[in-house]
Amino acid sequence: MKGLKPTMLALCVAGAAPAAMAFQPLDEISMGNITGQAGVTIELETRLNIDRFIYTDEGSLVINDISVGGANRIDLFPELGFNLTGAGPSDKLDNVRINIDIANDGDAIINILPMTFGAVDMRITTGAWDLTGTDGSTTIMDNFQMDMLIGSGTIRVDTATDTLRLLTDFAIDDMDFDIPFLAMGIRDLRLTGADYDLQAPQPLRLFANVDLDIFKGANAAGTEVLAIEMDSFRADLSIGGVLIGGTSIGSVMLDDLAITNTSMRIYGH
């Protein structure tokens, strides 16, 4: 200590007390006040491409050339008179914010919503859907394309009931696909909320709502299996053209389609 100047020694002593205080352990109340408050936010911009999806049982279902991205349009549902996405055209799935939180009861909450006011545009396309096996191959669907808007989505895992709840609002502006083995085609399929009025279109009524409970339930034999339940789903669905042999035979409109009291049990056999 002989070589240490008095002023330097004084500084060291003065700094010792604050340093000791800084490393004191926090009690449980203090820890609770500084952890788990803000959650996590993810701003997403992406594009997904898959060359082939193959599901094999004894034979196989093969879905080719899967693509998920932005619709690359600003004229979805043009009768509204404005761009509901609030963004420019893009082939990327963007304008997506994902908020992840853990509630004080332990529930996990994932909230998906647009970063700017409006909706998220999405385009899904695929090539041929082929059934393959020892007898050969059959194309059951081809040239699939769907342009849609997603208003919001929430995934909640409820620890009290061990239930995953999925809520989303969506609307399909245009869906086209072919069914080659039946020489059929569907053109200009649209799906909106059941209260959406084309003569007086309102953005808040555009979306159809899906509310699913997914959990572990029992099948008819009493075995625990994957269970999915939906109380109700209401929508308007229209098809601009039903093709048979490449020629349209007319259009179809389902006004106020209602699917209620739906319960599914899914398991292997």
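Note that the structure is predicted; figures quoted are calculated from it, not measured. Hydrogens, waters and symmetry mates are skipped; everything else that's a heavy atom, side chains included, is used.
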In sequence, state the C-alpha distance, the side-chain angles, and the governing distance for D169 and S152, and then conclude on side chain to side chain donor-acceptor pair (under 3.5 Å). CA-CA 6 Å; D169 302 294; S152 64; 2.9 Å; yes

Can we say [X] and [Y] salt-bridge, meaning some charged N sits less than 4.0 Å from an Asp/Glu carboxylate O?
X	Y	result
E45	R97	no
D121	R73	no
E229	R265	yes
D256	R234	yes

Are any of the side-chain heavy atoms of [X] and [Y] separated by less than 4.5 Å?
X	Y	result
M148	D173	no
I228	M230	no
Y267	T223	no
L204	L206	no
L84	L149	yes

Return each pair, listed once, that meets side-chain hydrogen bond (donor to acceptor under 3.5 Å, both in side chains) where at least one residue sits in residues 236-251; pairs must be two or more places apart or across chains. none

Do N49 and S67 have a side chain donor and acceptor closer than 3.5 Å? yes

Between the side chains of T116 and N95, does any donor sit under 3.5 Å from an acceptor? yes

In short, D162 meets T159 closest at the heavy-atom pair OD1-O, 3.6 Å

Please step through side chain to side chain donor-acceptor pair (under 3.5 Å) for the pair T132 and D130, ending with a clear verdict. CA-CA 6 Å; T132 63; D130 297 324; over 6 Å; no

Heavy-atom neighbours of [X] [atom1] exceed 12 at 6.0 Å:
X	atom1	value
R47	CZ	yes
Q145	CD	yes
R205	CZ	no
D105	CG	yes
D135	CG	no
Q202	CD	no

With the 4.5 Å side-chain cut-off for hydrophobic clustering, are I74 and L93 part of the same group? no

Would V252 end up clustered with L182 when hydrophobic side chains under 4.5 Å apart are linked, directly or stepwise? yes

Would you please name every residue forming a side-chain contact (heavy atoms from CB on, under 4.5 Å) with I98, sequence neighbours left out? I42, L44, V96, I100, I110, I112

The criterion is side-chain hydrogen bond (donor to acceptor under 3.5 Å, both in side chains); which residues satisfy it with D178, sequence neighbours excluded? N143, R187

Tell me whether the rings of Y196 and F77 are parallel (<30°), tilted (30 to 60°) or perpendicular (>60°). perpendicular

Take D158 and R165 through the salt bridge (charged side-chain N to carboxylate O under 4.0 Å, His left out) test and state the conclusion after the steps. CA-CA 8 Å; D158 191 323; R165 188 178 185 190; over 6 Å; no

Under the side chain to side chain contact (heavy atoms under 4.5 Å, CB included) test against F181, which residue among L131, T139, I140 passes? I140

